[in-house]
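Worksheet: the structure to be examined is printed underneath.
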Amino acid sequence: MTEKLPIAVLISGYGTNLQAIINAAKSPDYPAKIALVISNKADAYGLKRAEAAGIPHKVISHKDYSSREEFDAALDAEITASGAKLVCLAGFMRLMSAWFVNKWQDRLMNIHPSLLPSFKGTHAHEAAIAAGVKFSGCTVHFVRAEMDEGPIIIQAAVPVLDSDNAASLNDKVLAQECVIYPEAIKRFAQGRLKIEGNRVFCN
Ligand code: GRF
(Lines give C-alpha, C1' and ligand atoms only; values in the text may rest on other atoms or scores of the structure.)
Protein backbone atom coordinates (compact mmCIF):
# COMPACT_ATOMS: atom_id res chain seq x y z
CA MET A 1 0.00 0.00 0.00
CA THR A 2 1.47 3.36 -0.98
CA GLU A 3 1.34 6.17 1.55
CA LYS A 4 -2.22 7.38 2.22
CA LEU A 5 -2.94 10.87 0.88
CA PRO A 6 -3.39 13.29 3.80
CA ILE A 7 -6.54 15.42 3.53
CA ALA A 8 -8.10 18.24 5.53
CA VAL A 9 -11.87 18.32 6.10
CA LEU A 10 -13.59 21.65 6.83
CA ILE A 11 -16.92 21.61 8.66
CA SER A 12 -19.41 23.93 10.33
CA GLY A 13 -22.01 21.56 11.74
CA TYR A 14 -23.22 18.05 12.34
CA GLY A 15 -20.49 16.34 10.28
CA THR A 16 -22.48 13.61 8.54
CA ASN A 17 -20.15 13.78 5.57
CA LEU A 18 -17.10 13.94 7.83
CA GLN A 19 -18.23 10.74 9.56
CA ALA A 20 -18.66 9.00 6.22
CA ILE A 21 -15.09 9.94 5.30
CA ILE A 22 -13.82 8.84 8.73
CA ASN A 23 -15.57 5.49 8.26
CA ALA A 24 -14.20 5.00 4.74
CA ALA A 25 -10.67 5.90 5.87
CA LYS A 26 -10.74 3.12 8.46
CA SER A 27 -10.30 0.62 5.64
CA PRO A 28 -6.60 -0.29 5.27
CA ASP A 29 -6.82 -0.01 1.49
CA TYR A 30 -8.56 3.36 1.43
CA PRO A 31 -5.97 5.66 -0.22
CA ALA A 32 -6.53 8.74 1.95
CA LYS A 33 -6.34 9.69 5.63
CA ILE A 34 -7.74 12.70 7.48
CA ALA A 35 -4.80 14.74 8.76
CA LEU A 36 -6.88 17.62 10.14
CA VAL A 37 -10.47 18.69 10.75
CA ILE A 38 -11.20 22.42 11.01
CA SER A 39 -14.51 23.93 12.05
CA ASN A 40 -15.38 27.62 11.99
CA LYS A 41 -17.95 26.87 14.71
CA ALA A 42 -16.82 25.77 18.19
CA ASP A 43 -20.10 23.94 18.78
CA ALA A 44 -19.99 21.86 15.60
CA TYR A 45 -20.88 18.28 16.48
CA GLY A 46 -18.43 17.18 13.80
CA LEU A 47 -15.60 18.17 16.19
CA LYS A 48 -16.79 15.46 18.58
CA ARG A 49 -16.68 12.99 15.71
CA ALA A 50 -13.05 13.96 14.98
CA GLU A 51 -12.16 13.68 18.66
CA ALA A 52 -13.77 10.24 18.93
CA ALA A 53 -11.78 9.13 15.89
CA GLY A 54 -8.51 10.52 17.30
CA ILE A 55 -8.17 12.98 14.43
CA PRO A 56 -6.43 16.36 15.01
CA HIS A 57 -9.05 19.10 14.98
CA LYS A 58 -9.17 22.86 15.45
CA VAL A 59 -11.66 25.67 15.63
CA ILE A 60 -10.80 28.68 13.50
CA SER A 61 -13.62 31.18 13.85
CA HIS A 62 -14.27 33.57 11.01
CA LYS A 63 -15.38 36.05 13.69
CA ASP A 64 -11.76 36.41 14.84
CA TYR A 65 -10.68 37.86 11.49
CA SER A 66 -11.47 41.18 9.91
CA SER A 67 -11.67 39.90 6.35
CA ARG A 68 -12.42 36.75 4.38
CA GLU A 69 -8.85 36.78 3.09
CA GLU A 70 -7.36 36.89 6.60
CA PHE A 71 -9.62 34.07 7.75
CA ASP A 72 -8.69 32.03 4.69
CA ALA A 73 -4.99 32.72 5.29
CA ALA A 74 -5.37 31.29 8.80
CA LEU A 75 -7.11 28.22 7.37
CA ASP A 76 -4.40 27.84 4.75
CA ALA A 77 -1.62 28.02 7.33
CA GLU A 78 -3.11 25.21 9.43
CA ILE A 79 -3.99 23.08 6.41
CA THR A 80 -0.51 23.48 4.95
CA ALA A 81 1.12 22.69 8.30
CA SER A 82 -0.94 19.49 8.52
CA GLY A 83 0.56 18.28 5.25
CA ALA A 84 -2.85 17.89 3.64
CA LYS A 85 -2.78 17.60 -0.15
CA LEU A 86 -6.57 17.87 -0.62
CA VAL A 87 -9.12 20.09 1.13
CA CYS A 88 -12.69 18.78 1.45
CA LEU A 89 -15.47 21.21 2.35
CA ALA A 90 -18.09 19.10 4.14
CA GLY A 91 -20.97 21.21 5.34
CA PHE A 92 -18.59 24.18 5.62
CA MET A 93 -20.87 27.19 5.50
CA ARG A 94 -18.34 29.83 4.43
CA LEU A 95 -17.61 30.99 0.91
CA MET A 96 -13.90 30.64 0.19
CA SER A 97 -12.04 33.70 -1.09
CA ALA A 98 -10.75 33.75 -4.65
CA TRP A 99 -7.24 33.75 -3.18
CA PHE A 100 -7.82 30.46 -1.34
CA VAL A 101 -9.64 28.87 -4.29
CA ASN A 102 -6.79 29.80 -6.62
CA LYS A 103 -4.12 28.53 -4.26
CA TRP A 104 -5.92 25.19 -3.81
CA GLN A 105 -7.36 25.01 -7.32
CA ASP A 106 -8.28 21.44 -8.22
CA ARG A 107 -7.19 20.28 -4.75
CA LEU A 108 -10.36 21.73 -3.12
CA MET A 109 -13.66 19.83 -3.21
CA ASN A 110 -17.17 20.58 -2.02
CA ILE A 111 -20.39 18.61 -1.72
CA HIS A 112 -23.71 20.22 -2.55
CA PRO A 113 -27.17 18.67 -1.95
CA SER A 114 -28.53 19.04 -5.48
CA LEU A 115 -27.78 17.92 -9.02
CA LEU A 116 -25.69 20.95 -9.97
CA PRO A 117 -25.98 23.19 -11.83
CA SER A 118 -29.60 23.04 -10.67
CA PHE A 119 -30.53 24.50 -7.29
CA LYS A 120 -27.35 26.23 -6.16
CA GLY A 121 -27.39 27.95 -2.78
CA THR A 122 -28.54 27.17 0.71
CA HIS A 123 -32.12 25.93 0.17
CA ALA A 124 -31.56 23.31 -2.49
CA HIS A 125 -34.18 20.84 -1.24
CA GLU A 126 -36.90 23.46 -0.89
CA ALA A 127 -36.10 24.73 -4.39
CA ALA A 128 -36.19 21.22 -5.86
CA ILE A 129 -39.56 20.49 -4.24
CA ALA A 130 -40.96 23.85 -5.38
CA ALA A 131 -39.73 23.23 -8.93
CA GLY A 132 -41.55 19.90 -9.05
CA VAL A 133 -38.51 17.93 -10.25
CA LYS A 134 -38.86 14.15 -10.23
CA PHE A 135 -35.21 13.57 -9.37
CA SER A 136 -32.80 15.44 -7.17
CA GLY A 137 -29.53 14.37 -5.60
CA CYS A 138 -26.04 15.53 -4.67
CA THR A 139 -22.85 16.64 -6.35
CA VAL A 140 -19.17 16.55 -5.44
CA HIS A 141 -17.26 19.17 -7.42
CA PHE A 142 -13.98 21.02 -7.51
CA VAL A 143 -14.47 24.50 -6.10
CA ARG A 144 -14.28 27.66 -8.17
CA ALA A 145 -14.66 31.25 -6.96
CA GLU A 146 -18.38 31.35 -7.77
CA MET A 147 -20.59 29.57 -5.19
CA ASP A 148 -21.53 25.98 -6.10
CA GLU A 149 -19.70 26.23 -9.42
CA GLY A 150 -16.87 24.02 -10.61
CA PRO A 151 -16.05 20.81 -12.47
CA ILE A 152 -18.33 17.98 -11.36
CA ILE A 153 -16.57 14.87 -10.04
CA ILE A 154 -19.47 12.62 -9.00
CA GLN A 155 -23.26 12.89 -8.70
CA ALA A 156 -25.95 10.65 -7.27
CA ALA A 157 -29.67 10.97 -8.01
CA VAL A 158 -32.66 10.18 -5.83
CA PRO A 159 -36.36 10.13 -6.83
CA VAL A 160 -38.54 12.98 -5.56
CA LEU A 161 -41.91 11.46 -4.63
CA ASP A 162 -45.22 13.32 -4.40
CA SER A 163 -45.07 12.61 -0.65
CA ASP A 164 -41.61 14.15 -0.23
CA ASN A 165 -40.89 17.40 1.54
CA ALA A 166 -37.56 19.14 2.12
CA ALA A 167 -36.85 17.04 5.24
CA SER A 168 -37.53 13.67 3.63
CA LEU A 169 -35.60 14.68 0.53
CA ASN A 170 -32.69 15.82 2.73
CA ASP A 171 -32.58 12.39 4.37
CA LYS A 172 -32.48 10.56 1.03
CA VAL A 173 -29.87 12.91 -0.44
CA LEU A 174 -27.65 12.88 2.67
CA ALA A 175 -27.49 9.08 2.50
CA GLN A 176 -26.13 9.38 -1.03
CA GLU A 177 -23.72 12.15 -0.04
CA CYS A 178 -22.13 9.69 2.36
CA VAL A 179 -21.51 7.34 -0.55
CA ILE A 180 -20.19 9.71 -3.20
CA TYR A 181 -17.91 11.95 -1.11
CA PRO A 182 -15.63 9.12 0.08
CA GLU A 183 -15.62 7.77 -3.48
CA ALA A 184 -14.66 11.16 -4.96
CA ILE A 185 -11.78 11.47 -2.46
CA LYS A 186 -10.68 7.91 -3.24
CA ARG A 187 -10.54 8.60 -6.98
CA PHE A 188 -8.56 11.81 -6.37
CA ALA A 189 -6.11 10.02 -4.05
CA GLN A 190 -5.62 7.32 -6.66
CA GLY A 191 -4.71 9.98 -9.22
CA ARG A 192 -7.59 8.91 -11.47
CA LEU A 193 -9.17 12.34 -12.01
CA LYS A 194 -8.32 14.48 -15.00
CA ILE A 195 -9.83 17.92 -15.55
CA GLU A 196 -10.36 19.26 -19.05
CA GLY A 197 -12.09 22.63 -19.04
CA ASN A 198 -15.23 22.17 -16.95
CA ARG A 199 -15.28 18.38 -17.24
CA VAL A 200 -13.71 15.80 -14.95
CA PHE A 201 -12.70 12.47 -16.47
CA CYS A 202 -12.07 9.43 -14.28
CA ASN A 203 -9.98 6.55 -15.48
C1 GRF B 1 -25.22 18.57 3.80
O2 GRF B 1 -26.51 18.57 3.21
C3 GRF B 1 -24.21 18.95 2.74
O4 GRF B 1 -24.65 18.64 1.43
C5 GRF B 1 -24.11 20.43 2.89
O6 GRF B 1 -24.14 20.62 4.29
C7 GRF B 1 -25.11 19.70 4.83
C8 GRF B 1 -24.73 19.28 6.22
O9 GRF B 1 -23.64 18.47 6.13
N10 GRF B 1 -22.89 20.92 2.28
P11 GRF B 1 -22.98 17.71 7.41
O12 GRF B 1 -24.06 16.94 8.15
O13 GRF B 1 -22.39 18.76 8.32
O14 GRF B 1 -21.94 16.80 6.77
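In listed order, ligands and their atoms are each counted from 1. In this text the structure is predicted, and so the values were computed from the model without any measurement.
Cation-pi geometry between Arg49 and Tyr14 is met: the NZ or CZ atom falls under 6.0 Å from the ring centre, inside 45° of the normal.
Asn165 and Ser168 are linked by a side-chain donor-acceptor pair at a separation below 3.5 angstrom, with hydrogens and angles left out of the test.
When the side chains of ILVMFWY residues are joined at heavy-atom separations under 4.5 Å, either directly or via intervening members, Leu36 and Val143 end up in a single hydrophobic cluster.
Ionic pairing of Glu149 and Lys120 is present here: one or more N-O contacts between side-chain nitrogen and carboxylate oxygen are shorter than 4.0 angstrom.
Ring pair Tyr65/Phe71 is tilted by interplanar angle, where 30° to 60° counts as tilted.
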Distances for all N or O pairs of ligand 1 and the protein under 3.5 Å?
residue: ligand 1; atom: 2 (O); partner: Glu177; partner atom: OE2; Å: 3.3
residue: ligand 1; atom: 4 (O); partner: Glu177; partner atom: OE1; Å: 2.8
residue: ligand 1; atom: 4 (O); partner: Glu177; partner atom: OE2; Å: 3.1
residue: ligand 1; atom: 10 (N); partner: Ile111; partner atom: O; Å: 3.2
residue: ligand 1; atom: 12 (O); partner: Thr16; partner atom: N; Å: 3.0
residue: ligand 1; atom: 12 (O); partner: Thr16; partner atom: OG1; Å: 2.7
residue: ligand 1; atom: 13 (O); partner: Gly15; partner atom: N; Å: 3.0
residue: ligand 1; atom: 14 (O); partner: Thr16; partner atom: N; Å: 3.1
residue: ligand 1; atom: 14 (O); partner: Asn17; partner atom: N; Å: 2.8
residue: ligand 1; atom: 14 (O); partner: Asn17; partner atom: ND2; Å: 3.1

- request: With side chain to side chain contact (heavy atoms under 4.5 Å, CB included) as the test, would you mind laying out the steps for Leu193 and Ile153 before giving the verdict?
  value: CA-CA 8 Å; Leu193 301 180; Ile153 303 167; 3.8 Å; yes

